[in-house]
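One structure is given below, encoded as structure tokens.
Keep in mind that what you see is a predicted model, and the values were worked out from it rather than measured.
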Amino acid sequence: RYTDWQVAQRFDYQVTKDLSLYADGSFYRKRIYRPCGVPDYKTYDFLYRNSSVATGGKLKLKNSNSIMLDVNYDSHAYYYMYTRETWDKEYDDSGKEISFPYFPGDKGLQSDQSRLLLQLKGIFNLPYFNRLSVGTDTEINWLDAPRRLDEKDQVSDYTTSFYAQDEWTPIERLNITAGGRLTVNQNFGVRITPKVSALYKLGAFNLRATYSEGFKTPTLKELHYRYIRQMSIISLNLGNTELDPQTSRYVSGGLEYNGTRFSINVTGYCNWVDNMITLVTIPLSQAPGDLVVTYDPARVRQYQNMDDARTYGVDVNAKWTPVQSLTLTGGYSYLDTEANQYDEEDQVMKHVIIDGMAHHRATVSAIWTHAWRRSNYRLGIGVYGRIQSKRYYQDDGNGKAYNLWRLNTRHQFKLGKRWNAEVNAGIDNIFNYYETTYHSLNYGTTTAGRTFYGSLMIQFGQKKTKNT
């Protein structure tokens, strides 16, 4: 069982008709209780604490131009909350073992990830049907994990990006977008990635095409973090400071139809990835000897670069409104992957499964709404379905296929000139599906079964008025 709660608040302030500011923040806490006794003798619970603050604003300029600034800081901390006396150990620089106790009520920090994100963006309408977007992003990351890093108690990095994108509409039916991003990373240098896309309108039909390149640097956890996953066996997962950045080339093409009551879009894509970063199983002989001695794992997994990988698939989404009060939607995705990695021990190229890949996914929904204006009441009833085929993994079996269904009722009330209320109530996982797969194997879904839920939201606000 677990308990969790969240507090969030947002403030918006319209300084002038052209300048608006905002500030928001949130705090989230979750504790997962783990009983101590047969068959699992667990002496600590899991405690999670997440917090975030943000501020920023938007300045409107002439000719529908604008400048936006956003500053975000968030933190995600993970602790062991001890419920029994527990002795732990670590090693000093000379390799000497040091043992120490934790008592009930003590907390042991496992990891604390923090991020500061600064974003500045400007949008400008230029002559000859051009719309220019320029901006810069700076992201600073910290990872504090005293017991789970390779050498230090804390590691950090930063990335700064500069980008520009131009949207050109030479004729009403044609839009061409081209741009580029310059990325500067503290550990991996400089990279330029381009993007170009085109949209052509032909009556109710749209034709789309895109080409782009990507650049992804390893995260701090992928580089430095290590942790034990203890199920029926002990698995040691390792970071890798020898990782290279991941690069990609993406191509897609699509066709859309937008009718009065019916719309559909079909998109096919292919993504070629070099040095793809993923978690793979490695021989015990390739793991650090001191960690093997300390944890005695049955399996070792490490983040490594694939020699090459490719993902390709098709996405289909449709929406139909047979009558004004009823909306039907459906979506389907097909995905296939190929990945190869050179095995240094066997000196051969091997095919590697990308964990969590499922060939088929689909969603469906039917939503009926009706408003009773005299009573200031609006009702919405929706049925939602989510379907997925088998998920593939390198180890511990594949996840089962499943389909889950949810019924939601939405009730909206107008309580006065300034007060509104909304109630949502329903049943998630209507048919009570849950998996009985053995604890250490992979699941298709981790749903616990049928759930009844409800929520209440009260809105208070003053309508905007125009001064004449």
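Under the 3.5 Å distance criterion, the side-chain polar atoms of Asn185 are left unmatched by any main-chain donor or acceptor of Gly189. Here the side chain of Thr321 pairs no donor or acceptor atom with the backbone of Gln324 at under 3.5 angstrom. A donor-acceptor pair under 3.5 Å links the side-chain atoms of Asn240 to the main chain of Tyr303, judged by distance alone. Remark: side-chain polar atoms of Thr409 are paired, donor with acceptor, to backbone N or O of Ala425 under 3.5 angstrom. Proximity of a side-chain donor or acceptor of Asn50 to a complementary backbone N or O of Arg29 within less than 3.5 Å is not detected. Checked by atom type and distance alone, the side chain of Asp18 never pairs as donor or acceptor with a backbone atom of Thr16 at under 3.5 Å. Checking side-chain atoms of Asn305 against main-chain N and O of Asp244 turns up a donor-acceptor pair under 3.5 Å. The main-chain N or O of Ile430 is found under 3.5 Å from a side-chain atom of Arg450 such that the two form a donor-acceptor pair. Side chain of Gln304 to main chain of Thr278: no donor-acceptor pair is present (N/O by atom type, distance under 3.5 Å, no hydrogens or angles). Side chain of Arg226 to backbone of Leu149: a donor-acceptor contact under 3.5 angstrom is found.
There is a side-chain donor-acceptor pair under 3.5 Å between Thr177 and Asn175. Looking at Asp307 and Asn340, their side chains never bring a donor and an acceptor atom within 3.5 Å of each other. Between the side chains of Asp12 and Gln14, no donor-acceptor pair of N or O atoms lies under 3.5 Å.
Salt bridge present: Glu422 and Arg410 bring a charged side-chain N and a carboxylate O closer than 4.0 Å. Salt-bridge formation is detected for the pair Glu338/Arg310: a Lys NZ or Arg NE/NH1/NH2 atom is positioned less than 4.0 Å from an Asp or Glu carboxylate oxygen. Taking a cutoff of 4.0 Å between a charged side-chain nitrogen and a carboxylate oxygen, Asp355 and Arg391 do not qualify as a salt bridge. Contact check on Glu256 versus Lys201 returns no salt bridge, with no Lys/Arg side-chain nitrogen under 4.0 Å from an Asp/Glu carboxylate oxygen. Ion pairing of Lys30 with Asp4 is absent here, as no side-chain N (NZ or NE/NH1/NH2) approaches a carboxylate O to less than 4.0 Å. Look at Arg181 and Asp137 and you find a salt bridge, because one of the NZ, NE, NH1 or NH2 atoms lies within 4.0 Å of a carboxylate O, short of that distance.
Each of Tyr2, Tyr78, Tyr28, Tyr79 was evaluated against Tyr48; a single residue qualifies, Tyr78, per the ring pair (Phe, Tyr, Trp, His ring centres under 6.0 Å) test.
Taking 4.5 Å as the limit, every side-chain heavy atom of Leu21 sits out of range of all side-chain heavy atoms of Thr55. The shortest side-chain heavy-atom distance between Val273 and Thr247 does not fall under the 4.5 Å cut-off. Using a 4.5 Å cut-off on side-chain heavy atoms (C-beta onward), His411 and Arg378 make no contact. Two residues are said to be in side-chain contact when any heavy atoms from C-beta on lie closer than 4.5 Å; Arg361 and Ser389 fail this criterion. Under the 4.5 Å side-chain criterion, counting only non-hydrogen atoms from C-beta, Pro170 is not in contact with Phe129.
Classified by interplanar angle (parallel below 30°, tilted 30° to 60°, perpendicular above 60°), the ring pair Trp5/Phe27 is tilted. Taking the six-membered ring for Trp and thresholds of 30 and 60 degrees, His360 and Tyr334 have ring planes inclined between 30 and 60 degrees apart.
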Problem set entry | Stepwise side chain to side chain donor-acceptor pair (under 3.5 Å) test for Asn398 and Asn442 | CA-CA 6 Å; Asn398 298 319; Asn442 290 306; over 6 Å; no
For this session: Go through Ser75 and Asp112 one step at a time and tell me if the side chain to side chain donor-acceptor pair (under 3.5 Å) criterion holds.
Result: CA-CA 7 Å; Ser75 175; Asp112 186 358; 2.9 Å; yes
For this session: Decide side chain to side chain donor-acceptor pair (under 3.5 Å) for Tyr392 and Gln394; before the verdict, give the C-alpha distance in whole Å, the side-chain angles of both, and the deciding distance to 0.1 Å.
Result: CA-CA 7 Å; Tyr392 294 91; Gln394 296 176 37; over 6 Å; no
For this session: Using the side chain to side chain contact (heavy atoms under 4.5 Å, CB included) rule, take Asn237 and Tyr225 through it: C-alpha gap first, then chi angles, then the decisive distance, then the call.
Result: CA-CA 8 Å; Asn237 293 353; Tyr225 196 68; over 6 Å; no
For this session: Go through Thr447 and Asn429 one step at a time and tell me if the side chain to side chain donor-acceptor pair (under 3.5 Å) criterion holds.
Result: CA-CA 8 Å; Thr447 176; Asn429 195 352; 3.1 Å; yes
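Summarising the geometry of Ser114 relative to Tyr73, their closest heavy-atom pair is OG-OH, 3.3 Å, with the distance given to 0.1 Å.
The stretch residues 243-264 participates, sequence neighbours left out, in these ring pair (Phe, Tyr, Trp, His ring centres under 6.0 Å) pairs: Phe205-Tyr257. Applying the ring pair (Phe, Tyr, Trp, His ring centres under 6.0 Å) test to pairs two or more places apart or on separate chains, none has a residue in residues 157-194.
A cation-pi arrangement is found for Arg406 relative to Tyr384, the charged atom lying closer than 6.0 Å to the ring centre and inside a 45° cone about the ring normal.
For Gln165, the side chain to side chain donor-acceptor pair (under 3.5 Å) criterion is met by no residue, not counting sequence neighbours.
At most 12 non-hydrogen atoms from other residues, nucleotides or ligands lie less than 6.0 angstrom from CD of Glu242.
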